[in-house]
2 protein chains.
Amino acid sequence: MHDAISILRNLGVQPTPQRIAVIDCVLHNHSHPTAEQLLKAARQQCPTVSRATVYNTLNLLVAKGLIRTQLLREGVVVFDPNLERHHHFIDEETGEIHDIPWEYLGVSGGSNLKDFHIRDYQVILRGRKKQE
Amino acid sequence: MHDAISILRNLGVQPTPQRIAVIDCVLHNHSHPTAEQLLKAARQQCPTVSRATVYNTLNLLVAKGLIRTQLLREGVVVFDPNLERHHHFIDEETGEIHDIPWEYLGVSGGSNLKDFHIRDYQVILRGRKKQE
DNA sequence: GTTCGTGCAAACGGTTTGCAACAAT
DNA sequence: ATTGTTGCAAACCGTTTGCACGAAC
């Protein structure tokens, strides 16, 4: 049910090697990759993938709600296979983006926003990741 | 000290009509405009402004810390003259972006993020603005 | 043989850069 | 004369679209 072939069948499109490669890459990549990075990764698995197919497949997955795009880098769309609510930390030196579990942070004060109907929210943190 | 001419003198560049128009427009615009919107607005005041001058002037202001860019819309840079810490609400129907005062929201749980040195953060809310 | 999917290349929109003309000193 | 600034056009980058070829049914 979770493998690329089943996913593609469920979407009603043919499980071609190109699409399987794109799906394998994006579903297991939690580093918030760009389309270009996913093209490069997918070509390791299936060298004949074209840019158009990468974009088509990613946009299909987004439209069907299997992945999300996130506003985390200027001028590029980054893709996120993590559908659970979570926050993000952006390392200002490396540009790396880390998921922060939802329970780690609490946001209060929504009652101050009577004029707004809030459907969703997230915290975006910036700074440096400490070396461990 | 706050007028466009003084600002440009302080930046060490000549206060040309084109730059004055761009600065007037961006400093008084709290609707998170794009460069294209600012070009249009600046041309009302100085019809001979070119796109290049808009981008040059905006980038100069960003480099000097007089305005900021924000990651709030896909594929476009939006500019924000509000240098105080604040949060943002994005109306998912209209695309309008509203500033939320810093004190309206509280974020707790930073102690859960021992691996990160947090320099800044903000909450991004999404939903619909209620008609008043 | 009709449909679906592909890779390629061209087009597109936002941004940056190169450059020749021009204004300021 | 030298320097700084301009508008225009071309280049650029990420993304989308058009299209003819090829594979699947």
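Quantities reported herein were computed from a predicted structural model and do not represent experimental measurements. Naming: A, B, ... by sequence-line order, numbering from 1 per chain.
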From CA spacing to verdict: ring-ring contact (aromatic ring centres under 6.0 Å, His included), Tyr121(A), His87(B) | CA-CA 11 Å; Tyr121(A) 65 92; His87(B) 307 289; over 10 Å; no
Go through Leu113(A) and Leu105(B) one step at a time and tell me if the side-chain contact (heavy atoms from CB on, under 4.5 Å) criterion holds.
-> CA-CA 9 Å; Leu113(A) 301 167; Leu105(B) 296 174; 4.0 Å; yes
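Separating the CZ atom of Arg73(A) from the C1' atom of dT15(D) is a distance of 15 Å, rounded to the nearest angstrom. One can place CG of Asn56(A) at 13 Å from P of dT15(D), the figure rounded to the nearest angstrom. We find that CG of Asn59(B) is positioned 9 Å from P of dT15(C), with the value rounded to whole Å. With rounding to whole Å, Leu60(A) atom CG is found 10 Å from dT6(C) atom P. For the pair Leu39(B) CG and dG13(C) P, the interatomic distance rounds to 16 Å; values are reported in whole Å. Rounding to whole angstrom units, CZ of residue Arg51(A) and P of dC12(C) are separated by 19 Å. The NZ atom of Lys40(B) sits 17 Å away from the C1' atom of dG14(C) (whole-angstrom rounding).
Residue Arg19(A) has a polar side-chain atom (N or O) positioned under 4.0 Å from OP1 or OP2 of dG5(C). OP1 and OP2 of dT16(D) both lie 4.0 Å or more from every side-chain N or O belonging to Tyr55(A).
Listed by chain and number, the residues in a salt bridge (Lys or Arg N to Asp or Glu O under 4.0 Å) with Glu96(B) amount to none (sequence neighbours excluded).
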When Watson-Crick pairs (N1 to N3 and N6-O4 or O6-N4) and G-U wobble pairs (N1-O2 and O6-N3) count only below 3.5 Å on both distances, what is the dot-bracket string of DNA chain D, with | for other-strand pairs?
-> |||||||||||||||||||||||||
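Of the residues near DNA chain C, Gln14(B) and Phe79(B), the one whose nearest nucleotide (by heavy atom distance) lies more toward the 5' end is Phe79(B).
Here Gln18(A) lies in heavy-atom contact (under 4.0 Å) with sugar-phosphate atoms only.
Tyr104(A) OH: 12 or fewer foreign heavy atoms inside a 6.0 Å radius.
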